[in-house]
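Following: one structure in structure tokens, then a few remarks.
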Amino acid sequence: MSGERYNPRESEPKWQKIWDERQSFVTANDDPREPYYVLEMFPYPSGRIHMGHVRNYAMGDVVARYHRAKGKNVLHPMGWDAFGLPAENAAIERKTHPGTWTYSNIEAMKKQLKSMGLSIDWTREIATCSPDYYRHQQAMFIDMLEAGLVTRKSSKVNWDPVDMTVLANEQVIDGKGWRSGAPVEQRELTQWFFKISDFAEDLLEALDGLTEWPEKVRTMQRNWIGRSEGLRLLFEMVPSDKTDTASIEVFTTRPDTIFGASFVGLSPDHRLTTELAEANPALAAFVAECHSHGTATETLEKAEKQGFDTGLRVKHPVIEGETLPVYVANFILMDYGTGAIFGCPAHDQRDLDLARKYGLLVKPVVLPQGEDPASFAVGTEAYTDAGTIFNSGFLDGLSIDEAKRQIADYFAARAVDNRPQGKVEVNYRLRDWGISRQRYWGCPIPVIHCEVCGTIPVPKKDLPVVLPEDVSFDKPGNALDHHPTWKHVACPQCGAPARRETDTMDTFVDSSWYFARFTAPQAETPTIPGVANRWLPVDQYIGGVEHAILHLLYSRFFTRAMKATGHVGMDEPFKGLFTQGMVTHETYKGEDGAWVPPTDVVLEATGDARTARHISTGAPIQIGSVEKMSKSKKNVVDPDEIVGSYGADTARWFMLSDSPPERDVQWTEAGVEGASRFQQRVWRLVHDVVAQGDNEGVSTSAEALAVRRATHRAADGVARDIEGLRFNRAVAQIYELTNALAKARDAGAADIVSAMREGVRTLIQLISPMMPHLAETCWQVLGESGLVADAPWPEVDPALLVDDEVTMPIQINGKRRAEIAVAKGMAPAEVEGRVLGLEPVQKALEGRTPKKIVVVPDRIVNIVV
RNA sequence: GCGGGCGUGGUGAAACUGGUAGACACAAGGGACUUAAAAUCCCUCGGCUAUGCCGUGCGGGUUCGAUUCCCGCCGCCCGCACCA
């Protein structure tokens, strides 16, 4: 028997079938055990899984299987993020319906995922493109609309000219569409928005409570929300025949520098700018110039500060009799603050650049410590650090913070335009989430536009608003809008002919609540609040860091919106978040400079030198850098091929070994071979131990005790490491136990049989979350009843975790010179006495008298001479 | 520019609250078994001018003791980037 080899190709489908038949991983909502919800980010059904999926789902499965073994009622579902543009592109290319393409991809990927042996409750599977799913999304949209969480407004939007759709700010990266990579244009469109900015403060503050999230993600969200505290301040206009505008409102975070103000700046998109430009062709040309640069170029940073003097002047708010020029400047954003600023060149680099260019006043009002107020001057670099206010009348001598407080009070008490001149205000960078997309393959926005009644929600009894099946993608743009009849509908209020909204929702809406739908995937309502509240928040969510802002911030908002509309009872969707690293691979290039896939490369190593040549031509191949697996660099490894040749367990094991899960892992052929070898070692070890028979008696020999200690230490350590998601260390501990057991087996002491039995049984249990198929097979070989998937996690005997003797290193002046074995917990004085008598210590001391002896019980002795 | 993270053998990495640096694995080298190979097993594996000395990016500091804490550099990665 042990001469044979373990055959995963035969074993793995067998166990998958058995788990299926026994419904081993189907979760009941009314199970009384403690609930535990583990979720990996659901995939887009592109058609094939990749190694990143294998790593992600292997990690989640370890967590799920471990908590099952710990007696929890584990929810571990899977679904499909199934709406989105690729399906429409495929429809155009293949002349198929997006749904046909999507569902066949789902079938293919589901088969692949099943071949991984994941402990998923497939009865809860959902696809966001199914009317069974999106009807509830439409119902919630209406609830949120009625609760005032949704708004429709006209605004400048990011328009992707390739995808012919609108993008949210979060989806524009370096001025380009996140999917198409095309330079984004600005267009004015009427859009539906979720009012995420209403939650800005809460979303920001609640980040502090997400202690099981990576600090990095929390920081990114903090920056994205971008809170800044400042003052809204009115500048009174010096009357002019150019405009009737009586004042300009600016936003500033540095009101303490008001005495250093030398101009007021307007955004090219400011209402006053637009008004003035109508009568001023030169200004209109300047604005047009700003726009031409504004969006297309990524070199905004380098763009020179440019201004246009409007000729208008405003009164200096604190210096009697002085006035300031009003400039339009290219660097002032319309959609932050009020679209207008006051410039204090001495203490703001952008203002300084403008001031130097147009010869405006540069007056320092913050004095750095140690500088002389008479001689301190600002050259080409603005001073933005701490200091004492000077040159500032009644603010002189104050700190920046104190000056901010006093000037805010000062302006609050004065009036301009019958309003307080100044008002403390908090601003956020976060803007409302525009969700309208001019696409067919998305969730229809359930509203009807009636010329009489206006824009009204579709009555809930008429939901879902289903996408029409008979669509054509012959024309670019929105196929839903092009459909001959779909949008024509009677107004549900007055019955007059009306028009359906033809925009669909951003697919990030779909993924903002799927985790809640999993808790009751067949419910007639979006959620069953009692059930959802029992499962949520997700205990452990695992996915890629690329979703740190978009998906995770939207989901946090949506959960709050669902709470406000009574669908769930909590604010936060994900209690624990883990972001795993990417899967990388070496790259290879042929002599012609073309990328060569790893399957065509033969690697050779002699000593430190590694060379490569082509598998069929034998031509030399250049070994390139290690990169994220990508089709363009041809350095992808197909999970199907790995599972087909080595088995799922090997792939899973390798994905979990070696590299810490949050870091990138490099896929190597050698690493896979190693994982596969280990699989065979375990299989042999189990058979060998079984061949030794079993005796019930517990031996107290030192050898048996050593085996039992190794076993219990591993069981304890692996549990801790899995709980801390340190899979690479859990793997190392399993190796250690395996080595210890193999050694004991080879030593062949007769009275350790039962200890060995316990050892391998425990080993199999420790392995089972990572290599579940091998574990089931070995479990059977061991003659255990039932499935290891149903077996409880091994009990750890705390008495076996502690040694009664410890080896303490002895240092002399911090350098290790000797060691001593003493009883655990020995008093420092006694240790000291023993140590000084040791021969190597005496020798190292060379007759010197110790100045001081530090004894840290059970750890170390340090003798200072 | 701002924010965050990371620098440890040939490689991926361990090292708990400051306490024996390199666990575990990969690669490499040597050996056993074999007609031979594969598989398997055993040994070596940070460096050096080796009874000892040096060594966790570099330079300082705190400490009996620093990969770990503090200060200053250097390098790499990620995120944000005219946000007033």
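Residue numbers begin at 1 in each chain, while the letters A, B, ... track the order of the sequences. Source: prediction; values computed, not measured.
Rounded to whole Å, the separation between the P atoms of B:G22 and B:G9 comes to 14 Å. Rounded to whole Å, the P atom of B:C24 lies 12 Å from the corresponding atom of B:C43. Rounded to the nearest Å, the gap between the C1' atom of B:G72 and that of B:G12 is 32 Å. B:C42 and B:C33 have their P atoms separated by 16 Å, given to the nearest Å. Spacing between B:U67 and B:G19 at atom P, rounded to whole Å, works out to 10 Å. Using atom C1' as the reference point in both B:U17 and B:U11, the two lie 31 Å apart (nearest Å). Comparing the C1' positions of B:U56 and B:G75 gives an interatomic distance of 16 Å, to the nearest angstrom. Rounded to the nearest Å, the gap between the P atom of B:A37 and that of B:G31 is 12 Å.
For A:L333, counting side-chain heavy atoms from C-beta on, the closest listed nucleotide (B:A14, B:C24, B:A84) is B:A84. Listed candidates were B:G79, B:A84, B:A27. Nearest to the side chain of A:M220 is B:G79. Comparing B:U20, B:C82, B:A25 against the side chain of A:N739 picks out B:A25 as the nearest. Nearest to the side-chain atoms of A:A732 among the listed nucleotides B:A27, B:A23, B:A13 stands B:A23. With B:A14, B:C26, B:A84 as the choices, the nucleotide that has an atom nearest any side-chain atom of A:Y336 turns out to be B:A84. With distances taken from any side-chain atom of A:R429 to the nucleotides B:U20, B:A14, B:A81, the minimum falls on B:A81. In the set B:A84, B:U20, B:A27, the nucleotide with an atom closest to the side chain of A:I860 is B:U20. Closest contact between the side chain of A:T807 and the listed nucleotides B:G65, B:U20, B:A14 involves B:U20. Closest to the side chain of A:V864, out of B:C64, B:U40, B:G19, is B:C64. Listed nucleotides B:U20, B:A25, B:C24 differ in distance to A:Q811; the shortest reach to its side chain belongs to B:U20.
Across all strands, A:N728 comes closer than 4.0 Å only to sugar-phosphate atoms, never to a base (heavy-atom distances). No contact: A:S657 has no heavy atom under 4.0 Å from any strand. A:R663 comes within 4.0 angstrom of sugar-phosphate atoms only, judged by non-hydrogen atoms across all strands, and of no base. Here A:I332 lies in heavy-atom contact (under 4.0 Å) with a base.
A straight line from CG of A:L603 to P of B:A28 spans 11 Å, rounded to a whole angstrom. Distance A:W224 CH2 to B:C78 P: 18 Å, rounded to the nearest Å. For the pair A:L352 CG and B:G1 P, the interatomic distance rounds to 17 Å; values are reported in whole Å. Taking atom CD of residue A:Q679 and atom C1' of nucleotide B:A39, one finds them 15 Å apart after rounding to whole Å.
In B:G52 the O4'-C1'-N dihedral to the base is more than 90° from 0, which defines an anti nucleotide. For B:A50, the O4'-C1' to base torsion is within 90° of 0; the nucleotide is therefore syn.
The aromatic rings of A:W683 and A:Y6 lie tilted to each other, with the angle between the two planes from 30° to 60°. Using cut-offs of 30° and 60° for the angle between ring planes, the A:F259 and A:H316 rings count as tilted. In this structure, A:F286 and A:F308 have tilted ring planes: the angle between them lies in the 30° to 60° band.
Atoms OH and NZ, on A:Y327 and A:K305 in that order, are 16.0 Å from each other to the nearest 0.5 Å.
Toward the 5′ end of RNA chain B lies the nearest nucleotide of A:S659, the other residue of the pair A:S659 and A:Y735 mapping further downstream. Mapping A:K852 and A:Q733 onto RNA chain B by nearest heavy atom places A:Q733 closer to the 5' end of the strand.
Here the side chain of A:D858 pairs a donor or acceptor atom with the backbone of A:G825 at under 3.5 angstrom. Here the side chain of A:Q349 pairs a donor or acceptor atom with the backbone of A:T380 at under 3.5 angstrom.
Base pairing analysis places B:A23 opposite nothing; no Watson-Crick or G-U wobble pair with both distances below 3.5 Å involves it. Nucleotide B:A36 forms no Watson-Crick or G-U wobble pair with any nucleotide shown, as no partner meets the under 3.5 Å limit on both distances. In this structure B:G59 sits in a base pair with B:C71, meeting the Watson-Crick or G-U test at under 3.5 Å. Within the shown strands, nothing qualifies as a pairing partner of B:C45 under the Watson-Crick or G-U definition with both distances less than 3.5 Å. The partner of B:A14 cannot be assigned: no Watson-Crick or G-U wobble pair with both contacts below 3.5 Å exists in any strand. Using the Watson-Crick or G-U wobble rule with both distances under 3.5 Å, B:C2 pairs with B:G79.
Classification of A:D208 and A:R222 as a salt-bridged pair holds, one side-chain N sitting under 4.0 Å from a carboxylate O.
No hydrogens or angles were tested; on distance alone, a donor-acceptor pair under 3.5 Å links the side chain of A:D658 to the base of B:G12. A donor-acceptor contact under 3.5 Å links the side chain of A:N862 to the base of B:C64. Donor-acceptor pairing under 3.5 Å, judged by distance alone, is absent between the side chain of A:K851 and the base of B:C64.
Side-chain N/O atoms of A:R677 include none lying less than 4.0 angstrom from OP1 or OP2 on B:A25. Side-chain N/O atoms of A:S228 include one lying less than 4.0 angstrom from OP1 or OP2 on B:A84.
By the 6.0 Å contact criterion, NZ on A:K628 is open, its count of non-hydrogen atoms from other residues, nucleotides or ligands being 12 or less.
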Practice problem: Kindly determine whether A:E627 and A:N635 satisfy side chain to side chain donor-acceptor pair (under 3.5 Å), including the steps that lead there. | Solution: CA-CA 8 Å; A:E627 308 268 0; A:N635 62 338; over 6 Å; no
